[in-house]
Amino acid sequence: AFPKEIARIVEETASARREWNEGLMSSAKPMAAIKEDWDTVKTRLTHWWANELYDRAVLLVTAPKAGAQPAAPWPGGPVTVETQWTDMDYMIWRIEEQIRTTFYGGEAVPVFQHMWSVGHALLLGCEPKSAPNTVWTDPLPAGADGYPPIRFHREGRWWQWMREATLKAAQASRGRYFVMPAWGNHAGDNLSLVRGDMDLLVDIAENPDWVRQATKQVSDILIEMHRELWTMTGPDVTGVEGSANYCSIWSPGRTMGFDC
């Protein structure tokens with residue numbers, strides 16, 4: 001009886017998912033169907049970016065959507081660590097289920113979240129190690145000068161995977177969610193991943209010139225990466241105007257949240 005019950009739930013969820021997708025995609029503007037006040041949200045945030053108050057403070061609210069069939073297990077099989085972090089079909093299914101079962105209030109908008117924070121270090125030569133709740137890397141080995149080489153591994157498999165994954169997520173949006181042109185954090189964090197936390201702290205004290213130069217190198221690599229990924233995540237690909245950062249804040253232009 002138990003397996004039959006599970007099968008029933010899976011089928012009910014699949015049916016609800018098909019109905020949701022058909023209804024949403026029948027709309028000329030899917031985002032307006034997800035957020036009933038979409039035009040007002042855009043106006044409010046356009047004023048916010050200009051340091052102006054339109055009518056009230058900006059706020060983000062998400063909650064379970066009333067009446068939505070709860071998400072069933074991933075239909076593609078067991079969710080392994082590899083599936084969770086590298087299977088784009090799974091990640092796209094996850095954001096679609098999130099949208100189907102979530103109420104987006106205030107200025108909250110759906111954003112594709114891959115949950116990577118160390119992805120940019122892979123472009124510098126690091127290899128990922130993963131667990132169910134995190135991904136990390138080991139520092140690169142030092143060269144003859146005592147420091148790891150800083151360069152963009154354009155020929156590496158991870159840059160190819162990142163480009164293909166970004167484009168696939170963006171094409172699958174079809175006006176329903178935003179995709180960020182990023183797979184990790186920023187210059188300081190990535191330099192720490194490449195060099196190692198403790199060694200970088202010593203470098204800051206003993207060789208700040210190398211730190212400044214290496215940070216500039218990492219920044220230049222990230223700028224190049226962002227420029228290429230922006231071409232894959234724009235409105236002409238996702239079908240939704242503007243962009244959104246990892247805080248789920250929409251912008252009429254390009255926005256990127258900087259932190260680490």
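Sequential numbering from 1 along the given sequence is applied to the chain's residues.
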Taking the six-membered ring for Trp, are Trp250 and Trp38 closer than 6.0 Å centroid to centroid?
yes
Sub-3.5 Å donor-acceptor pair from the side chain of [X] to the main-chain atoms of [Y], do we have one?
X: Lys35; Y: Ala108; answer: yes
X: Thr86; Y: Thr83; answer: no
X: Trp85; Y: Ala131; answer: yes
X: Thr62; Y: Tyr104; answer: no
X: Ser251; Y: Thr255; answer: no
X: Arg174; Y: Ala170; answer: no
X: Arg227; Y: Leu222; answer: no
X: His120; Y: Gly184; answer: yes
X: Gln84; Y: Pro132; answer: yes
X: His114; Y: Trp116; answer: yes

For the pair His226 and His186, name the ring-plane relationship: parallel under 30°, tilted 30 to 60°, perpendicular over 60°.
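His226 vs His186 ring planes: tilted.
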Gln113 and Met91: CA distance, side-chain angles, deciding distance, side-chain contact (heavy atoms from CB on, under 4.5 Å) verdict
CA-CA 8 Å; Gln113 299 281 7; Met91 294 187 204; over 6 Å; no
[X] bridged to [Y] by N-O distance under 4.0 Å:
X: Glu107; Y: Arg56; result: yes
X: Arg94; Y: Glu97; result: no
X: Glu127; Y: Arg157; result: yes

I'd like to know whether CD of Glu36 has more than 12 heavy-atom contacts from other residues, nucleotides or ligands below 6.0 angstrom.
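Atom CD in Glu36 is not packed in, count stays at 12 or less.
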Glu155 atom CD, over 12 foreign heavy atoms within 6.0 Å
yes
Once you round to the nearest 0.5 Å, how far does [atom1] of [X] lie from [atom2] of [Y]?
X: Phe112; Y: Arg176; atom1: CZ; atom2: CZ; result: 12.0 Å
X: Arg254; Y: Thr233; atom1: CZ; atom2: OG1; result: 7.5 Å
X: Glu228; Y: Leu167; atom1: CD; atom2: CG; result: 10.5 Å
X: Thr238; Y: Met31; atom1: OG1; atom2: CE; result: 8.0 Å
X: Leu123; Y: Arg151; atom1: CG; atom2: CZ; result: 11.5 Å

Are side-chain N/O atoms of [X] and [Y] paired as donor and acceptor at under 3.5 Å?
X: Ser192; Y: Asp197; answer: yes
X: Asp199; Y: Tyr147; answer: no
X: Thr40; Y: Thr43; answer: no

Transitively linked via ILVMFWY side-chain contacts under 4.5 Å: [X] with [Y]?
X: Leu60; Y: Phe103; answer: no
X: Val202; Y: Val194; answer: no
X: Tyr54; Y: Val109; answer: no
X: Trp136; Y: Leu122; answer: no
X: Val118; Y: Val81; answer: yes

[X] versus [Y]: any side-chain heavy-atom pair under 4.5 Å?
X: Trp183; Y: Pro181; value: no
X: Val240; Y: Phe178; value: yes
X: Ile221; Y: Ile150; value: yes
X: Thr166; Y: Met232; value: yes
X: Pro139; Y: Leu193; value: no
X: Gln160; Y: Arg163; value: yes
X: Asp138; Y: Lys129; value: yes
X: Arg195; Y: Pro148; value: yes

Over all heavy atoms of both residues, which pair between [X] and [Y] is shortest? Give the atoms and the distance, please.
X: Thr137; Y: Pro128; value: CG2-CA, 4.1 Å
X: Asp189; Y: Asn185; value: OD2-ND2, 2.6 Å
X: Leu200; Y: Gly188; value: CD2-O, 4.3 Å
X: Met225; Y: Ala182; value: CE-CA, 4.4 Å
X: Val135; Y: Ser130; value: CG2-CB, 4.0 Å
X: Leu140; Y: Pro149; value: CD1-O, 4.1 Å

Chi angles and distances behind the side-chain contact (heavy atoms from CB on, under 4.5 Å) call for Met180, Met256:
CA-CA 8 Å; Met180 297 178 292; Met256 179 67 67; 5.6 Å; no
Walk me through it: do Glu241 and Lys42 pass the test side-chain contact (heavy atoms from CB on, under 4.5 Å)?
CA-CA 10 Å; Glu241 63 188 291; Lys42 289 185 292 184; 2.6 Å; yes
Report the C-alpha distance between Cys126 and Trp158 in whole Å, list the side-chain angles of each, state the deciding distance to 0.1 Å, and finish with yes or no for side-chain contact (heavy atoms from CB on, under 4.5 Å).
CA-CA 10 Å; Cys126 294; Trp158 286 111; over 6 Å; no
